[in-house]
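Heads up, the thing below is written out as structure tokens.
Atoms within a ligand are numbered from 1 in the order they appear, just like the ligands themselves.
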Amino acid sequence: HRNRGVDHAPCAPFPLPRRLSLGAASAAYQVEGAWDSDGKGPSVWDTFSRVPGTTFMGSNGDVAVDHYHRLEEDLDLMKQMGLTAYRFSVSWPRLFPTGRAPLNPAGLAFYDRLVDGLLARGIEPVLTLYHWDLPQALQEEYGGWEDRRILDDFEHYCVTLYRHFADRVTYWVSLNEQNFNLTNAYLLGAHPPAVQDRRRFFNANHIASLANARAIRAFRRHVPKGQIGPSFAYSPAYPLTCAPADLLAFDNAEEFCNHWWLDVYCHGRYPRVALRWLEQQGEAPVILPGDMALLAEARPDFVGVNYYYTLTYTDNPLGGETLHRINHSGQKGTTPASGVPGLYKTAANPHLETSNWDWAIDPSGLRLALRRLTSRYDLPLMITENGLGEFDTLTAERVVDEYRIAYLKAHLIACQQAMADGVRLLGYCAWSFTDLLSWLNGYQKRYGFVYVERDEQGGTLRRIPKASFHWYRQVIASQGESL
Ligand code: BGP
């Protein structure tokens with residue numbers, strides 16, 4: 001695998017935003033480990049990953065990369081790299097083992113050490129409230145996102161964090177990739193609770209949107225000087241050809257896979273065409289009086305963009321292709337076409353190279369993503385994730401990941417171009433700082449600037465900076481001018 005298809009047109013030096021700049025990201029379940037230490041309760045992922053056949057080679061986050069116990073070492077590596085922002089998530093069941101009071105003080109103390117450790121090193125914390133690790137207790141009690149009781153519990157958890165960190169944390173992410181997580185959870189059966197039911201999907205998703213809105217509404221009261229927004233897994237759609245049927249498929253994909261969430265977050269409404277179609281299918285979510293007013297009240301300060309690839313769509317008549325899971329093995333070329341009959345199906349883009357997990361490598365797609373979001377929603381954007389998952393090899397204490405450097409460099413140039421186009425970019429957080437557990441791909445799909453010596457069975461957990469670590473340090477030190 002090598003990334004070559006990149007436009008290296010010269011452009012102005014990267015104008016770094018004033019407050020946020022070049023950072024890196026992680027998520028609690030994927031790095032912390034310590035899954036039952038110091039009073040933490042189980043999350044739905046702790047339970048799900050124990051069910052045979054759910055994750056790659058049965059991998060789980062019991063130990064992950066042991067960030068919980070190696071916090072100081074990881075913070076020192078961040079400082080050494082010169083990171084100016086670090087995005088992390090708080091584990092809800094570490095704070096509230098059963099999902100609601102009583103609070104686990106040891107859990108909160110860990111995030112105190114993390115935030116204070118970042119600030120002491122001059123690194124801006126970007127705190128994600130929810131990155132998929134729902135307390136198992138709430139899943140069992142009322143079915144998690146399928147019940148409106150979660151709205152009070154989630155708001156209470158958020159307000160606890162607002163009160164505690166308002167003076168130290170400016171940037172907050174509400175829900176991470178509600179679209180990707182719930183699609184996997186309720187349509188593909190690939191994330192907990194592993195359901196495949198379209199009505200349940202649209203209802204759970206509506207409740208999650210309400211939770212997002214409640215979190216933002218409460219934020220205004222408790223963190224008036226902060227900024228908050230959701231992180232969205234944005235895969236801009238392309239039509240496979242200029243055949244009108246492909247254009248319609250592309251339009252359907254934008255409506256159902258992107259605007260369905262983004263219009264709700266930013267405009268407080270569902271896209272009319274998609275809603276009409278779902279009503280005709282009997283699949284539209286149950287919308288109660290007051291719901292739409294709440295959604296409209298909660299316009300975010302920015303949209304967090306998790307960008308990895310674009311998707312290309314073609315016509316999919318009734319009786320055609322249904323939804324299929326993506327590649328979780330790293331065996332290139334094994335991703336099946338996936339779609340919704342009558343709306344769209346995916347197709348390989350003949351113009352783009354792919355990673356070993358069949359993800360299209362498309363820096364122009366990032367520029368396009370940022371421009372589309374800016375034109376449609378007119379909000380500042382923050383790239384909360386972008387990176388390349390690949391097999392890495394440790395040879396003589398070195399990892400020469402020049403393919404990752406090429407990927408990140410091309411995407412940073414796309415950011416420069418988008419900013420020149422008029423996009424307001426608050427910051428860029430690469431995924432990820434250290435290697436970490438990929439939810440369904442185990443430890444072999446690596447993203448980090450820092451190699452962690454472990455595989456699905458375990459390992460020494462030693463940290464070894466990769467070539468990309470030294471490259472990114474230079475990029476940051478030169479304020480983005482030396483790419
Ligand atoms: C996003 C998630 C991250 C991370 C990333 C890479 O969807 O927010 O948590 O996992 O994707 O995906 P993967 O690990 O499947 O390669």
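The closest protein non-hydrogen atom to atom 7 (O) of ligand 1 is Glu177 OE1, 2.4 Å. Closest protein heavy atom to atom 10 (O) of ligand 1: Gln30 NE2, 3.1 Å. Atom 5 (C) of ligand 1 has its closest protein heavy atom at Tyr308 OH, 3.3 Å.
Listed by number with element, the atoms of ligand 1 under 4.0 angstrom from any heavy atom of Tyr447 are 6 (C), 12 (O), 13 (P), 14 (O), 16 (O). Using a 4.0 Å cut-off to heavy atoms of Asn176, the atoms of ligand 1 that qualify are 8 (O). With ligand atoms numbered from 1 in the order given, ligand 1 contributes 13 (P), 15 (O), 16 (O) to contacts under 4.0 Å with heavy atoms of Asn441. Close approach of ligand 1 to Trp439 (heavy-atom distance below 4.0 Å) involves ligand atoms 3 (C), 9 (O), 10 (O).
Ligand 1 is approached by His131 to a heavy-atom distance shorter than 4.0 Å.
When heavy-atom distances to ligand 1 are checked against a 4.0 Å cut-off, Ser438 comes that close through both its backbone and its side chain. No part of Trp357 comes within 4.0 Å of ligand 1, judged by heavy-atom distances. Residue contacts with ligand 1, taken as heavy atom pairs separated by less than 4.0 Å, involve Trp359 solely via side-chain atoms from C-beta onward. Here Leu440 has no heavy atoms under 4.0 Å from ligand 1, in either its backbone or its side chain.
For an aromatic pair to be called close, the ring centres must be under 6.0 Å apart, and Tyr428 with His411 fails this. Aromatic ring centres of Trp45 and His191 lie closer together than 6.0 Å. Ring to ring, Trp357 and Phe391 are close: their centroids are under 6.0 angstrom apart.
Using a 30° and 60° split on the angle between ring planes, His67 and Tyr86 fall in the tilted class, from 30° to 60°.
Checked against a 3.5 angstrom limit, the closest N/O atoms of Glu385 and ligand 1 fall inside it.
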Pair up each side-chain donor or acceptor in residues 203-211 with any protein partner under 3.5 Å, not counting sequence neighbours, and list the distances.
unit_1	atom_1	unit_2	atom_2	d
Asn203	OD1	Val286	N	2.7
Asn203	ND2	Arg199	O	3.4
Asn205	OD1	Gln178	NE2	2.8
Asn205	OD1	Trp261	NE1	2.6
His206	ND1	Tyr270	OH	2.6
His206	NE2	Asp291	OD2	2.9
Ser209	OG	Gln178	NE2	3.0
Ser209	OG	Asn205	O	3.2

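For Glu254, the salt bridge (Lys or Arg N to Asp or Glu O under 4.0 Å) partners two or more places apart in sequence, or in a different chain, are Arg372.
Under the 6.0 Å distance and 45° angle rule, Arg446 counts as a cation-pi partner of Tyr451. Both cation-pi conditions hold for Arg454 and Tyr443: the charged atom is under 6.0 angstrom from the six-membered ring centre and inside a 45 degree cone around its axis.
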Leu262 and Arg376: side chain to side chain contact (heavy atoms under 4.5 Å, CB included), yes or no, with the steps?
CA-CA 9 Å; Leu262 291 164; Arg376 192 171 174 104; over 6 Å; no

